[in-house]
> 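This is the structure I have questions about; it appears just below.
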Amino acid sequence: EAGVAQSPRYKIIEKRQSVAFWCNPISGHATLYWYQQILGQGPKLLIQFQNNGVVDDSQLPKDRFSAERLKGVDSTLKIQPAKLEDSAVYLCASSFEVDEQFFGPGTRLTVL
Amino acid sequence: AQSVTQPDIHITVSEGASLELRCNYSYGATPYLFWYVQSPGQGLQLLLKYFSGDTLVQGIKGFEAEFKRSQSSFNLRKPSVHWSDAAEYFCAVGSNNNDMRFGAGTRLTVKP
């Protein structure tokens, strides 16, 4: 069974630029999550999708972050414009109903 | 919303010694509890989970955890630590919507 795929693995941008991350969840997993993990901290949930609907985006900075999940499968997370404090690893996870979440390898973003 | 506290930021143990990592949670209902491990540059891997039933949970790699409702705790234990166990360990609590909140993590160093 293929795991959660994310791309790119690394991204370096300058502040005020835009960036997008892509996630492909495990086949059959209806729920998809995006987390932000700042160095030295635990992952923080940004947004949770159930199929293509948003379940929880209470911690998503909506003035600059957006996410979509087209057709209830793949998802993209965008930051526009990026700030220095957005430097972090962005993790995507998926789950089948209320159960263990499976995590992708993450995208390490550096904002200069 | 639920929350998790991991009181120990960093723990050092000798190889072969026993290990206990502390986790305290806050949640109004019966929690879903998880321990994940993250090696440098790697994604998060599930060690074990508690949903209901037996309060002593066995996981992979010889780890176990005990759910104590009266203490709101879910401490992780291993009787004999191996050098390969050096990593960051995260406790997480989930709700019935499966949105998880992670602790800040405990970094484990294993001395030869």
Side-chain angles (χ1 to χ4, degrees), chain A residues 1-10 21 23-26 29-51 53-60 67 88-110, chain B residues 1-10 21-27 29-53 57 59-60 65 74 76 87-108:
Chain A
E1 177 183 83
V4 176
Q6 290 187 248
S7 68
R9 292 296 310 277
Y10 305 92
F21 312 127
C23 173
N24 180 241
I26 292 173
H29 282 192
T31 310
L32 184 147
Y33 314 79
W34 283 102
Y35 290 87
Q36 179 193 59
Q37 186 177 19
I38 293 173
L39 187 65
Q41 299 181 19
K44 181 181 84 170
L45 179 68
L46 293 176
I47 189 167
Q48 176 183 348
F49 291 96
Q50 179 77 17
N51 295 309
V54 176
V55 174
D56 183 356
D57 64 356
S58 58
Q59 299 190 97
L60 186 73
V89 176
Y90 290 85
L91 296 165
C92 180
S94 68
S95 70
F96 179 72
E97 297 182 344
V98 179
D99 204 342
E100 171 190 355
Q101 294 183 22
F102 293 83
F103 285 82
T107 297
R108 183 176 297 276
L109 174 67
T110 302
Chain B
Q2 64 271 40
S3 66
V4 174
T5 301
Q6 292 182 249
D8 304 305
I9 296 173
H10 183 207
L21 302 182
R22 296 184 292 165
C23 172
N24 293 98
Y25 70 90
S26 174
Y27 185 56
T30 299
Y32 303 129
L33 296 162
F34 307 82
W35 274 100
Y36 283 83
V37 61
Q38 187 177 39
S39 298
Q42 303 295 312
L44 289 153
Q45 181 185 24
L46 182 73
L47 288 176
L48 46 79
K49 61 186 178 183
Y50 171 80
F51 279 20
S52 63
V57 180
I60 63 171
F74 189 58
L76 182 71
E88 189 92 20
Y89 290 80
F90 294 96
C91 181
V93 58
S95 70
N96 52 12
N97 283 332
N98 215 32
D99 61 322
M100 281 205 302
R101 297 293 185 265
F102 283 83
T106 298
R107 183 162 61 93
L108 174 65

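Reckoned from all heavy atoms, side chains included, excluding hydrogens, waters and symmetry mates.
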> Is it true that a side-chain atom of Gln38(B) and a backbone atom of Glu88(B) form a donor plus acceptor pair closer than 3.5 Å?
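No, the answer is negative, given that no donor and acceptor are paired below the 3.5 Å cut-off.
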
> Out of curiosity, Leu91(A) CG to Phe21(A) CZ, how far, rounded to the nearest 0.5 Å?
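Reported to 0.5 Å precision, the distance equals 11.0 Å.
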
> Please determine, among Gln42(B), Arg107(B), Lys49(B), Met100(B), the option with the most heavy-atom pairs under 4.5 Å with chain A.
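Heavy-atom pairs under 4.5 Å are most numerous for Met100(B).
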
> What part of Gln101(A) lies closer than 4.5 angstrom to a heavy atom of chain B: side chain, backbone, both or neither?
both

> Checking the side chain of Trp34(A) only, and the main-chain atoms of Cys23(A) only, is there a donor and an acceptor separated by less than 3.5 Å?
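Absent.
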
> Give, as side chain, backbone, both or neither, the part of Arg101(B) having an atom under 4.5 angstrom from any heavy atom of chain A.
side chain

> For the ring pair (Phe, Tyr, Trp, His ring centres under 6.0 Å) test, which of Phe102(B), Tyr50(B), Phe51(B) pairs with Phe34(B)?
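Among Phe102(B), Tyr50(B), Phe51(B), the one that satisfies the ring pair (Phe, Tyr, Trp, His ring centres under 6.0 Å) with Phe34(B) is Phe51(B).
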
> Can you tell which part of Gln41(A) gets under 4.5 Å to a heavy atom of chain B, answering side chain, backbone, both or neither?
backbone

> Under a 4.5 Å heavy-atom cut-off, does chain B meet the side chain of Gln59(A), its backbone, both or neither?
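Just its side chain gets close to chain B.
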
> Is there a side-chain contact between Tyr35(A) and Leu44(B) (heavy atoms, below 4.5 Å)?
no

